[in-house]
Amino acid sequence: MKLDPKHCEAFLAALDSGSFEQAAQDLHLTPSAISQRIRALEEVLGKPLLIRSRPCRATREGQLLRQHLQRAALLEADLAATFAGNDSAMLSVSLAINADSIASWFLPALTPFLIRERVLLDTIVDDQDHTYTLLQAGMALGCVSTEPQAMRGCSASPLGVMRYQALASADYHARWFAGGVSRDALRRAPVMIYNRKDRLQADWLLQHFGLPDDSYPCHFLPASDPYLQAVRLGLGWGMLPDVQLTASGLADTLLPLQPDKPVDVALYWHHWQVQSPRLARLCDVLIEAARAVLRPTSTG
């Protein structure tokens with residue numbers, strides 16, 4: 001089986017842009033030509049590759065093809081640079097990282113490597129429970145995830161545990177919890193939530209206080225540093241990881257709502273087993289750095 005590069009180019013352009021019309025503009029073709037090239041690719045592989053919706057989406061087989069094409073392009077770029085002896089050639093890699101890792105250990109750990117090895121980051125920031133799907137969809141070459149099991153062709157390495165505490169400023173605590181942190185008080189006290197994928201606060205309230213979703217007021221603020229600032233300023237209480245508090249120097253400035261009720265989130269690094277030399281070295285650096293700052297993963 002031999003894949004036509006032009007057909008593959010049309011397939012990726014349609015996925016990346018979301019439509020045949022935009023893909024046609026990007027490649028200076030007609031929408032009909034894009035459709036014909038993708039149809040030819042589907043005939044070669046014997047499977048439908050795209051769901052022709054708006055935006056168009058990859059089928060399961062289309063996701064596998066996208067994964068293959070991304071990895072092949074990365075291997076080819078790294079190999080070409082090696083044979084050319086071109087140490088200055090930059091390599092772009094797409095990674096899916098959870099926001100709290102980005103806000104704490106990820107950049108300090110990776111920046112020296114990225115500068116030294118001339119690697120460009122194409123970072124997708126998403127909730128740690130959802131980054132895995134980006135790897136599955138072929139949108140990322142590696143991800144930090146809560147999923148412990150590697151999918152076929154990938155490896156999963158434990159990074160460690162990120163511990164979260166429900167925290168609030170002293171002013172907020174005095175305003176809302178003067179009589180103690182109770183179920184009734186938590187029904188009235190505003191809570192900070194990162195985005196609508198973020199289940200940390202909701203699960204904690206349900207588990208320890210029996211409060212279902214939508215039974216308490218919420219602020220939504222999908223940015224890690226502003227989220228931390230909002231908690232510090234007393235806008236709401238929220239779940240914050242110890243590594244972010246340490247990195248920001250605010251570990252002793254916020255009060256825990258229930259210090260005996262932390263939430264431990266185990267993180268794993270997923271990557272393809274076959275990868276370029278530079279991406280393999282990046283994985284080694286990332287795993288070592290994460291294990292140096294996160295709590296050890298329980299083996300029991």
Check: Going by the angle between their ring planes, with limits at 30° and 60°, are Trp176 and Tyr172 parallel, tilted or perpendicular?
Finding: tilted
Next item on the list: Take Leu294 and Val161 through the test side chain to side chain contact (heavy atoms under 4.5 Å, CB included) and record every step on the way to the result.
Entry: CA-CA 6 Å; Leu294 299 179; Val161 169; 5.8 Å; no
Notebook entry, point to check: Ile97 versus Val125: any side-chain heavy-atom pair under 4.5 Å?
Noted result: no
Note to self: How close do Cys154 and Leu135 get, counting heavy atoms only, and between which atoms?
What the structure shows: SG-CD2, 4.2 Å
Note to self: Within the structure provided, determine whether Leu245 and Leu167 are in side-chain contact (heavy-atom separation under 4.5 Å).
What the structure shows: yes
Notebook entry, point to check: Which value, rounded to the nearest 0.5 Å, describes the distance between Leu141 atom CG and Leu95 atom CG?
Noted result: 7.0 Å
Check: Would you find a donor on one side and an acceptor on the other, under 3.5 Å apart, between the side chain of Arg278 and the backbone of Glu117?
Finding: yes
Next item on the list: Return the minimal non-hydrogen interatomic distance between Ala23 and Ser17, and the atom names on each side.
Entry: N-OG, 3.4 Å
Notebook entry, point to check: Do Leu41 and Cys8 have side-chain heavy atoms sitting under 4.5 Å apart?
Noted result: yes
Checklist line | Closest approach of Ile193 to Cys218 (non-hydrogen atoms, all atoms of both residues) | finding: CD1-SG, 3.6 Å
Check: Should the heavy atoms of other residues, nucleotides or ligands under 6.0 Å from CZ of Arg175 be counted, would the total exceed 12?
Finding: yes
Item checked: From CZ (Arg66) to CG (Leu50), nearest 0.5 Å -> 9.5 Å
Checklist line | Worked verdict on Leu91 versus Leu120 for side chain to side chain contact (heavy atoms under 4.5 Å, CB included) | finding: CA-CA 6 Å; Leu91 185 71; Leu120 300 173; over 6 Å; no
Notebook entry, point to check: Is it true that Asp225 and Arg232 have a side-chain N and a carboxylate O under 4.0 angstrom from each other?
Noted result: no
Note to self: Pair Leu257, Met239 - check side chain to side chain contact (heavy atoms under 4.5 Å, CB included), show working.
What the structure shows: CA-CA 10 Å; Leu257 273 59; Met239 306 294 294; over 6 Å; no
Next item on the list: Identify the two heavy atoms, one from Arg54 and one from Ser19, that lie closest to each other, and give their separation to 0.1 Å.
Entry: NH1-CB, 4.3 Å
Note to self: Same cluster or not: Phe220 versus Leu186, using hydrophobic residues (I, L, V, M, F, W, Y) connected whenever any side-chain heavy atoms lie under 4.5 Å apart?
What the structure shows: yes
Item checked: ILVMFWY network linking Leu134 to Ile102, side-chain heavy atoms under 4.5 angstrom -> no
Check: For the residue pair Tyr132 and His270, does the interplanar ring angle fall in the parallel (under 30°), tilted (30 to 60°) or perpendicular (over 60°) class?
Finding: perpendicular
Next item on the list: For the residue pair Leu65 and Leu3, establish whether any side-chain heavy-atom pair is separated by less than 4.5 Å.
Entry: yes
Item checked: Interatomic distance, Leu235 atom CG to Asp171 atom CG [nearest 0.5 angstrom] -> 13.0 Å
Margin query: Main chain of Ser145, side chain of Gln128: is a donor-acceptor contact present, judged purely on distance under 3.5 Å?
Written below: no
Next item on the list: Begin with the C-alpha distance, continue with both residues' side-chain angles, and end with the deciding distance and a verdict on side chain to side chain contact (heavy atoms under 4.5 Å, CB included) for Leu110 and Leu121.
Entry: CA-CA 10 Å; Leu110 267 291; Leu121 282 181; 5.7 Å; no
Notebook entry, point to check: Is any side-chain heavy atom of His271 less than 4.5 Å from a side-chain heavy atom of Leu279?
Noted result: no
Margin query: Would you say Ile124 ends up clustered with Leu159 if hydrophobic residues are merged whenever their side chains have heavy atoms under 4.5 Å apart, either directly or through other cluster members?
Written below: no
Note to self: Looking at Gln165 and Pro259, would you say the former's side chain and the latter's main chain have a donor-acceptor pair under 3.5 Å?
What the structure shows: yes
Check: Is there a path of hydrophobic side-chain contacts, each under 4.5 Å between heavy atoms of I, L, V, M, F, W or Y residues, that connects Leu240 with Leu255?
Finding: no
Next item on the list: Compare all side-chain heavy atoms of Asp203 with those of Val263 and state whether any distance is below 4.5 angstrom.
Entry: no
Check: From Tyr268 OH over to Ile287 CD1, what is the distance, rounded to the nearest 0.5 angstrom?
Finding: 13.0 Å
Next item on the list: Go through Arg199 and Asp213 one step at a time and tell me if the salt bridge (charged side-chain N to carboxylate O under 4.0 Å, His left out) criterion holds.
Entry: CA-CA 10 Å; Arg199 292 291 309 173; Asp213 293 9; 2.6 Å; yes
Note to self: Using only atom types and a distance under 3.5 Å, with no angle test, would you say the side chain of Arg183 pairs donor to acceptor with the backbone of Phe209?
What the structure shows: yes
Check: When rounded to the nearest 0.5 angstrom, what is the spacing between CG in Leu254 and CG in Leu228?
Finding: 7.0 Å
Checklist line | Option passing ring-ring contact (aromatic ring centres under 6.0 Å, His included) with Trp237 (candidates Trp204, Tyr227, Tyr216, Phe177) | finding: Trp204
Item checked: Cluster link Leu69 to Met139, ILVMFWY, side chain under 4.5 Å -> no
Margin query: If you define the side chain from C-beta out and look only at heavy atoms, does anything of Arg295 sit under 4.5 Å from Asp242?
Written below: yes
Next item on the list: Begin from the C-alpha positions of Asp100 and Tyr164 and carry the test side-chain hydrogen bond (donor to acceptor under 3.5 Å, both in side chains) through to its verdict.
Entry: CA-CA 10 Å; Asp100 290 331; Tyr164 290 79; 2.6 Å; yes
Checklist line | For Arg39, salt bridge (Lys or Arg N to Asp or Glu O under 4.0 Å) partners two or more places apart | finding: Glu42
Note to self: With a sphere of 6.0 Å drawn around NZ of Lys261, does it hold more than 12 non-hydrogen atoms of other residues, nucleotides or ligands?
What the structure shows: yes
Next item on the list: Using modelled atom types only, decide if a donor and an acceptor are shared between the side chain of Gln258 and the backbone of Asp260 within a distance under 3.5 Å.
Entry: no
Notebook entry, point to check: What are the two closest non-hydrogen atoms of Ala168 and Val231, and how far apart are they?
Noted result: CA-CG1, 4.1 Å
Checklist line | Heavy-atom pair of closest approach, residues Cys283 and Trp269 | finding: SG-NE1, 3.2 Å
Next item on the list: Check for a donor-acceptor pair, side chain of Thr59 on one end and backbone N or O of Pro48 on the other, with a separation under 3.5 Å.
Entry: yes
Check: Any side-chain heavy-atom pair from His173 and Val181 closer than 4.5 angstrom?
Finding: yes
Check: Just by modelled atom types, is the Phe106 backbone N or O under 3.5 Å from a matching donor or acceptor in the Ser101 side chain?
Finding: no
Margin query: Ring of Phe113, cation from Arg281 - is the NZ or CZ under 6.0 Å from the centre and inside 45° of the axis?
Written below: no
Checklist line | Single hit among Asp127, Asp126, Asp129 for salt bridge (Lys or Arg N to Asp or Glu O under 4.0 Å) with Lys197 | finding: Asp126
Next item on the list: With rounding to the nearest 0.5 Å, note down the distance linking CG in Leu286 to CZ in Arg291.
Entry: 10.5 Å
